[in-house]
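Worksheet for the structure shown next.
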Amino acid sequence: MKRCMACGHENQPDAQSCAKCEKPLDAGTEETLGFIPPVEIEAEASEAEIEAKLERGAVLVVKKGPDAGERFVLLKDETTLGRDPQSDIFLNDITVSRKHARVERKGSTVRLADVGSLNGTYVNGERVDDTDLRNGDEIQIGKFKMVFLSQD
C-alpha cells in the first residue's frame with residue numbers, strides 16, 4: 001500500500017494520486033508519513049498570560065470544512081479570520097472573504113464581528129454583523145462550521 005504524505009490515506013500500490021485528497025503520490029512513500037511541525041505559541045505573550053487565557057478556555061473547533069477537527073485557542077485580544085494567509089485563523093476556501101471576521105476578547109466577553117464579508121458570518125444559523133459568543137455557539141464562515149467553546 002502507498003501512504004499519502006499529505007493526508008495519510010492508504011492507497012493501492014499502483015496509484016499515482018491519492019484516492020482521498022487527490023494529491024500526487026511520490027515514489028517511496030509507502031512506509032513514511034510527512035512531518036507536521038509544531039505550532040508556535042505567540043512569542044510576545046508571557047507564559048503566565050498564555051496560561052490565564054487557556055484557563056478561560058476560549059476555543060474554536062472546526063466541525064465541518066477542509067480543516068475539520070482543527071482547534072484554535074483564542075489567545076489574542078483580537079483574532080482575525082479569513083482567506084488572507086496573514087489572518088490569525090487562515091480559512092483556505094473561496095467561499096471565505098480575505099478579511100472575513102474577527103473575534104475580540106474583553107475580559108470574559110468574546111465577541112464575533114463580520115468585517116464586511118461577501119457571504120456573511122452566521123451564528124446558530126442567523127446572519128450577524130457582530131454578537132457576543134456563548135459556549136456551544138455554532139459559527140459558519142463560508143463552508144467552515146465551527147463550535148465556540150468557553151469555560152467562562
Side-chain angles (χ1 to χ4, degrees), residues 3-11 17-26 29 33-152:
R3 188 175 299 268
C4 176
M5 294 291 284
C7 71
H9 180 74
E10 290 194 22
N11 296 277
S17 62
C18 179
K20 184 175 181 185
C21 71
E22 300 179 355
K23 296 207 176 177
L25 298 172
D26 297 327
T29 60
L33 280 176
F35 173 73
I36 300 171
V39 175
E40 294 289 328
I41 294 178
E42 58 183 280
E44 61 266 3
S46 71
E47 281 191 41
E49 290 172 321
I50 292 169
E51 280 300 315
K53 289 178 180 181
L54 288 174
E55 281 179 17
R56 286 188 262 159
V59 178
L60 289 177
V61 180
V62 180
K63 197 171 119 165
K64 183 179 176 188
D67 298 328
E70 186 142 11
R71 296 170 182 259
F72 298 100
V73 179
L74 303 173
L75 295 174
K76 298 164 81 179
D77 290 333
E78 182 175 297
T79 303
T80 59
L81 297 90
R83 192 168 37 94
D84 183 343
Q86 300 302 315
S87 296
D88 297 314
I89 299 177
F90 176 51
L91 301 174
N92 191 15
D93 189 83
I94 195 71
T95 61
V96 177
S97 295
R98 289 186 187 279
K99 295 181 192 242
H100 199 105
R102 77 174 168 268
V103 176
E104 297 172 336
R105 294 181 60 144
K106 290 184 183 170
S108 63
T109 302
V110 180
R111 189 159 190 81
L112 174 69
D114 185 281
V115 292
S117 69
L118 182 62
N119 291 327
T121 300
Y122 295 81
V123 175
N124 300 323
E126 292 186 31
R127 190 170 182 157
V128 297
D129 288 325
D130 61 83
T131 188
D132 289 342
L133 293 174
R134 294 175 309 188
N135 187 44
D137 279 348
E138 182 180 88
I139 300 164
Q140 182 169 352
I141 295 177
K143 291 183 180 178
F144 292 86
K145 282 192 179 178
M146 297 171 267
V147 176
F148 173 75
L149 300 175
S150 175
Q151 293 184 358
D152 285 338

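No donor-acceptor pair under 3.5 Å is formed between the side chain of Asn11 and the backbone N or O of Cys18. A donor-acceptor distance shorter than 3.5 angstrom exists from the side chain of His100 to the backbone of Gly120, with no hydrogens or angles considered. Side-chain atoms of Arg83 come within 3.5 Å of backbone atoms of Val96 as a donor-acceptor pair (strictly under, hydrogens ignored).
Between the CG atom of Leu81 and the CD1 atom of Ile139 there is a distance of 8.0 Å, given to the nearest 0.5 Å. Leu60 contributes atom CG, which lies 11.0 Å from atom CZ of Arg71 (distance to the nearest 0.5 angstrom). Once rounded to the nearest 0.5 Å, the distance linking NZ of Lys143 with NZ of Lys64 reads 9.5 Å. We find the CZ-CG distance between Phe148 and Leu133 to be 5.0 Å, quoted to the nearest 0.5 Å. For the atom pair CD1 (Ile141) and CG (Asn119), the distance works out to 11.0 Å, reported to the nearest 0.5 Å. From Ser117, atom OG reaches atom CZ of Arg98 across 14.0 Å, with rounding to the nearest 0.5 Å.
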Would you check, one step at a time, whether the test side chain to side chain contact (heavy atoms under 4.5 Å, CB included) holds for Phe72 with Asp88?
CA-CA 9 Å; Phe72 298 100; Asp88 297 314; over 6 Å; no

### Task
Dump the intermediate steps for side chain to side chain contact (heavy atoms under 4.5 Å, CB included) on Ile89 and Leu74, then the final yes or no.
CA-CA 10 Å; Ile89 299 177; Leu74 303 173; 4.2 Å; yes

- prompt: Going through the checks in order, is the side chain to side chain contact (heavy atoms under 4.5 Å, CB included) test met by Leu75 and Arg105?
  reply: CA-CA 9 Å; Leu75 295 174; Arg105 294 181 60 144; over 6 Å; no

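Side-chain contact between Asp137 and Leu112 is absent, with no heavy-atom pair separated by less than 4.5 Å. You'll find the side chain of Val103 reaches within 4.5 Å of the side chain of Val110, heavy atoms only. Two residues are said to be in side-chain contact when any heavy atoms from C-beta on lie closer than 4.5 Å; Thr80 and Val115 fail this criterion.
Within 6.0 Å of CG in Asn124 there are more than 12 heavy atoms belonging to other residues, nucleotides or ligands. Residue-environment remark: CZ (Arg127) exceeds the threshold of 12 foreign heavy atoms within 6.0 Å.
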